[in-house]
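On a predicted model such as this, the values are computed, not experimentally measured, just so you know.
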Amino acid sequence: MIEAELSRSVARWCPGATGVAGVARLSGGASQETWRFDIVHPDGPIGAILRRSPKGYGAAPTRAAGLGAEAQLMQLAYQAGVPSPRVMHVLAPDDDLGTGFIMQRVEGETIARKILRDDEFAATRPLLARQIGEVLAKLHGLPRDKLPELRSRSATEEIAEFERDYRSLDWPKPVFELALRWLRDHDPGPSAETTLVHGDFRNGNLIIGADGVRAVLDWELAHLGDPMEDLGWVCVNSWRFGEIDKPVGGFGSREELFAGYEAAGRKVDPSRVKFWEVMGTLRWGIMCGGMMQRFRESPDHSMERAMIGRRASETEIDLLRLLVPRGS
């Protein structure tokens with residue numbers, strides 16, 4: 001059982017630890033898992049999270065940075081003052097737990113519906129868009145020479161890759177064709193600056209508390225690229241969860257996001273942000289299409305895949321709102 005391996009592991013690297021309690025799997029597919037547990041310690045329990053690929057699963061998906069790189073990025077972010085969980089231990093062969101890392105658990109809320117609607121967050125919501133801009137500015141300012149090896153793709157290469165993914169679905173969608181043509185016509189070319197890009201910075205991957213953003217999660221799609229990509233992705237309508245008049249995660253405006261980013265010492269290029277918002281909307285639509293394809297073709301007819309797959313139609317509406325001027 002994983003409890004035994006975790007107990008032996010924490011006893012080696014956490015002084016005073018005597019074992020673990022409350023071990024529960026949170027999420028994950030066949031190749032990656034997330035576990036919640038408490039480290040039993042004389043000074044009181046220490047909340048922890050394990051992210052791992054079990055033994056026998058080593059290869060990361062094509063776009064994933066890998067768990068080792070994730071741990072390095074989170075350590076670097078934490079040290080630089082970016083709200084991020086503290087990595088306590090990177091798994092070693094002696095841990096007998098596979099590859100991955102253990103981080104300190106950060107309390108707060110990740111469920112967007114609660115963040116956007118519960119009274120508990122009423123005073124926090126108006127502050128989040130600007131705060132997110134400040135967090136992204138810090139993240140994009142992390143020193144290049146300290147980053148792990150990461151993939152790097154230009155906007156042109158991303159367009160080509162998403163077109164290949166779309167064609168492979170054999171599911172013609174005229175709105176997706178329109179978006180691909182728009183992206184090719186509006187390709188902004190190489191960014192003046194290449195920085196760390198989180199790759200999935202959005203509502204749902206942030207731990208929010210009464211004081212605002214407490215931690216940025218899910219660094220697995222981190223890469224090198226145009227920093228405006230993260231600003232565009234956080235504005236994609238799918239992450240607003242019904243609050244479509246508030247482009248930034250359903251709780252704020254682009255102007256507030258940009259103001260926070262620039263107050264932290266970085267410049268915004270709104271036209272590039274718009275390009276990446278269109279790209280992100282198409283990206284999510286293609287991902288939804290892939291989920292529907294796997295639902296149809298896989299022997300495992302997961303209801304979750306079907307529900308995500310049907311959202312491809314929502315992205316078509318979102319793309320039309322972005323690409324077709326009102327009144328046309």
Heavy-atom pair with the smallest gap, counting every atom of Y166 and W171: CE1-O, 3.7 Å
Minimum-distance pair of heavy atoms, taken over all atoms of D38 and P45: CB-CB, 4.2 Å
Within-4.5 Å side-chain heavy-atom neighbours: F258 and L231: yes
Interatomic spacing from CG in L67 to CD in Q72 - rounded to 0.5 Å: 11.5 Å
Gap between atom CD1 of I2 and atom CG of L50 - 0.5 Å precision: 5.5 Å
4.5 Å side-chain heavy-atom contact, M88 and M103: no
Note: R167-E177 ion pair, threshold 4.0 Å (strictly below): yes
L282 and its side chain to side chain contact (heavy atoms under 4.5 Å, CB included) partner, picked from V175, D165, L183, I159: L183
Distance in Å, D318 CG paired with E277 CD, rounded so as to fall on 0.5 Å steps: 9.0 Å
Check ion pair E158-R283 (N to O, under 4.0 angstrom): no
V87 to V90 - nearest heavy-atom pair and separation: CG1-CG2, 4.3 Å
CZ on R202 to SG on C235, rounded to 0.5 Å: 14.0 Å
Distance-only polar pair, side chains of R52 and Q32, donor-acceptor under 3.5 Å: no
CG (D145) with more than 12 external heavy atoms under 6.0 Å: yes
Salt-bridge present (R8, D94; N to O < 4.0 Å): no
Heavy-atom side-chain proximity of V20 to V40 below 4.5 angstrom: no
Donor on one side chain, acceptor on other, D187 and T156, under 3.5 Å: yes
R144 (side chain) donor-acceptor with T194 (main chain) under 3.5 angstrom: yes
Spatial distance of atom SG (C14) from atom CD1 (I39) [nearest 0.5 Å]: 4.5 Å
Side-chain donor or acceptor of Q131 paired with backbone N/O of V213 under 3.5 Å: yes
D218 side chain near E70 side chain, heavy-atom distance below 4.5 Å: no
Pairwise distance CG(L206) to CD1(I132) - rounded to 0.5 angstrom: 5.5 Å
SB check R51 E33 (cutoff 4.0 Å): no
Backbone of I115 reached by a side-chain donor or acceptor of R125 within 3.5 Å: yes
R214 side chain vs E107 backbone, donor-acceptor pair below 3.5 Å: yes
Under 3.5 Å donor-acceptor, E157 side chain and S154 backbone: yes
Side-chain (D230) to main-chain (P227) donor-acceptor, under 3.5 angstrom: no
salt_bridge(D245, R240) N-O dist < 4.0 Å: no
Ring-face cation contact, W276 with K274, 6.0 Å cut, 45° max: no
4.5 Å side-chain heavy-atom contact, L217 and I207: yes
Side chain to side chain donor-acceptor pair (under 3.5 Å): pairs with one or both residues in residues 256-273, sequence neighbours excluded: H140-Y261, E193-R266, D226-R272, S253-E256, Y261-R266, D269-S271
Closest contact, heavy atoms only, W13 versus P15: O-CD, 3.4 Å
Under 3.5 Å donor-acceptor, R105 side chain and F37 backbone: yes
Heavy-atom closest contact (A69 atom, A65 atom, distance): CB-O, 3.5 Å
Pairs where residues 206-236 contributes a residue and the test ring pair (Phe, Tyr, Trp, His ring centres under 6.0 Å) is met, not counting sequence neighbours: H198-W219, W233-W239
For residues 78-86, dump all side-chain donor-acceptor pairs below 3.5 Å to protein atoms at least two apart in sequence or in another chain.
{"residue": "R86", "atom": "NE", "partner": "Q104", "partner atom": "OE1", "Å": "3.2"}
{"residue": "R86", "atom": "NH2", "partner": "Q104", "partner atom": "OE1", "Å": "2.9"}

4.5 Å side-chain heavy-atom contact, T110 and N205: no
